[in-house]
Amino acid sequence: MRGAGAGVSEVLAASAVAGRVDAFQRALLSWFWRERRELPWRGVGDPYATWVSEIMLQQTQVVTVVDYFQRWMARFPDVAALAAANEEEVLEQWSGLGYYRRARFLHRAAKVIVEEHGGELPSTLEGLRTLPGVGPYTAGAIASIAFGLPAPIVDGNVIRVFARLFAIEGDPRSTANQKSFWGLAEALVDPQNPGDFNEALMELGARVCTPRSPACLLCPVREFCAGFASGEPEALPEVARRSAVKPMRAVAVVVTRQGRRGKELLVGPRDAGGLLAGMLEFPTVEREGKRWPKLDEVASLLGMKVVAEEVGELTHVFSHRRLLTRIFAAEVGSEATFADERWRWVPERELSQAAISALTRKIYERSKQLETT
DNA sequence: AAGTCGGGGTG
DNA sequence: CACCCAGACTT
């Protein structure tokens, strides 16, 4: 029995991969070359495309990313185009994808690349690592996939695959186990095909070595796997205890007016730094806990008296928050203006392409739906 | 080492 | 529901 965080060489020596690293690499790679999915960022040969895809894929599944990636590349085809854009345009493209800080990092890094690297992505692990938003995983992914360097990667898929292959017990996030995962990734990556090898590990985790019921009978490396041998591959890795989801309440008012070009809606940017920082939203008051804010509080936010009708309520779940929102609707005169420069009128047909979060999109859909009934 | 930060897919 | 996802960054 190996304890958590055993040295990499001991873990490797005690496994079925010992002395057969070449065979392991060949088995994994030939499966990958046969079974891999066609994805829009694969085989493009453009480090910028690899970078964009890897940032989008952070904590986000492949199927979700595909459309966003294609729209992004059409709008910002290269580093220079991204660097020249303003932040709102960047957030418009990211709208709905979540973790908006990633979009800001991508944008900021593009400026750094133009100003300090002559417009070319750094081609070393250390250079990539200096870019905002590029951590150990993403640096390894770009280095191996775009530049052919034998850099290791460890993501959620690799953790699961290695925990099973090598029977790594204990909390996979512990420092000791992280050292094991990174050490194994470094020891196993095929220097001839580092990018394909790394992608193969992740694709195996995503499609075969899945969390609940892994498809071991389809696995190209099951002969090397301690989890398969044990008969209980799904027992690893150990699942971490999740922190509690805190309740939140909010009141949002969808304020409309008839502008010269049809109906317009009042929106403003959220505070920087917090949840959904900088995204446009309807006038909203949020509160931690289960007590509802009052409509008056939204009115004072706007500096006006609001005559509004409640049109519904919806729930939105974040990873660590559960937010219930009461939605009101108010129509104001076409001459309505607001002293606070935070607020601005957006034509209804432009809202769907604005820099709004999925939550704001849901609120809008709900208010529209009630209008017609 | 623990918390923060979205959103969607899945059993 | 709960869990997970081609994580990074802050405290």
Side-chain angles (χ1 to χ4, degrees), chain A residues 32 36-37 39 41-42 50-69 91 94-106 108-109 128-146 151-161 171-178 181-182 185 195-207 209-214 234 237-246 248 270 272-279 281 315-323 356-362:
Chain A
F32 180 65
R36 67 179 156 191
R37 294 168 286 186
L39 298 174
W41 49 84
R42 277 193 176 151
T50 304
W51 173 43
V52 170
S53 71
E54 291 299 342
I55 299 293
M56 287 188 170
L57 285 161
Q58 289 170 4
Q59 294 291 283
T60 308
Q61 296 188 334
V62 166
V63 289
T64 306
V65 167
V66 170
D67 289 344
Y68 279 91
F69 175 81
L91 290 175
W94 207 270
S95 169
L97 192 55
Y99 284 127
Y100 297 94
R101 191 173 56 163
R102 295 182 293 173
R104 264 182 265 276
F105 283 151
L106 206 47
R108 208 194 306 163
L128 289 163
R129 201 58 188 78
T130 67
L131 299 175
V134 177
Y137 161 78
T138 306
I142 299 171
S144 60
I145 296 168
I153 55 141
V154 174
D155 75 329
N157 290 302
V158 175
I159 286 172
R160 189 170 53 254
V161 169
D171 183 351
R173 297 170 309 174
S174 73
T175 306
N177 274 336
Q178 282 294 312
F181 290 125
W182 281 96
D196 283 354
F197 179 86
N198 286 337
E199 288 198 76
L201 270 184
M202 296 189 284
E203 186 129 345
L204 187 72
R207 298 175 59 199
C209 196
T210 54
R212 309 291 167 88
S213 41
E234 66 283 352
E238 185 179 291
V239 296
R241 190 173 56 80
R242 308 194 81 65
S243 56
V245 175
K246 294 180 188 165
M248 276 180 80
R270 290 178 63 95
L275 197 61
L276 304 171
M279 303 301 288
E281 68 173 2
T315 301
H316 191 72
V317 180
F318 302 102
S319 47
H320 56 307
R321 294 276 190 284
R322 180 186 188 79
L323 174 63
I356 60 176
S357 68
L359 169 60
T360 299
R361 201 173 296 277
K362 273 161 76 173

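Lettering of chains follows the sequences in order, A, B, ..., and the numbering in each one begins at 1. Atoms considered below: every heavy atom in the structure, side chains included; atoms not considered: hydrogens, waters and symmetry mates.
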>> Any heavy-atom pair between the side chains of A:T60 and A:R102 that's under 4.5 Å?
In response: yes
> A:P214 versus A:E234: any side-chain heavy-atom pair under 4.5 Å?
Replying inline: yes
>> Can you confirm whether the side chains of A:H320 and A:K246 place a donor and an acceptor under 3.5 Å from each other?
In response: no
> Given side chains that start at C-beta, do those of A:L275 and A:F318 come closer than 4.5 Å, heavy atoms only?
Replying inline: yes
> With a non-hydrogen cut-off below 4.0 angstrom, is A:R322 in contact with a base, only sugar-phosphate, or nothing?
Replying inline: sugar-phosphate
>> One character per nucleotide, please: for nucleotides 5-11 of chain B, 5' to 3', B when the base has a protein heavy atom closer than 4.0 Å, S when only the sugar-phosphate does, - otherwise.
In response: BBBBS-S
>> Between A:Y137 and A:E54, do the side chains contain a donor N or O and an acceptor N or O under 3.5 Å apart?
In response: yes
>> Would you say that A:W41 contacts A:L57 through its side chain, given a criterion of any heavy-atom pair below 4.5 Å between the two side chains?
In response: yes
>> By the 4.0 Å heavy-atom rule, please label A:V158 as base, sugar-phosphate, or nothing.
In response: nothing
> How far, in whole Å, is B:dG3 from C:dC3 if one measures between their P atoms?
Replying inline: 16 Å
>> Under 4.0 Å, heavy atoms only, any strand: does A:E203 hit a base, just the sugar-phosphate, or nothing?
In response: nothing
> When you check the side-chain N and O atoms of A:R129 and A:T138, is any donor under 3.5 Å from an acceptor?
Replying inline: no
> What are the bounds, 5' to 3', of the part of DNA chain C that sits under 4.0 Å from heavy atoms of chain A?
Replying inline: C:dC1 to C:dC9
> Heavy atoms, side chains only, cut-off 4.5 Å: are A:I153 and A:V158 in contact?
Replying inline: yes
> How is A:V62 classified with respect to the nucleic acid when contacts are heavy atoms under 4.0 Å: base, sugar-phosphate, or nothing?
Replying inline: base
> What is the nucleic acid contact for A:R104, judged by heavy atoms within less than 4.0 Å: base, sugar-phosphate only, or nothing?
Replying inline: nothing
> Ion pair present between A:R37 and A:E203, side-chain N to carboxylate O less than 4.0 angstrom?
Replying inline: yes
> For atom P, what is the distance between C:dA6 and B:dT4, given to the nearest Å?
Replying inline: 24 Å
>> Using the P atom as the point on both nucleotides, what is the distance between B:dG8 and C:dA8, in whole Å?
In response: 22 Å
> A:R242 or A:G133: which one's nearest nucleotide on DNA chain C is closer to the 5' end?
Replying inline: A:R242
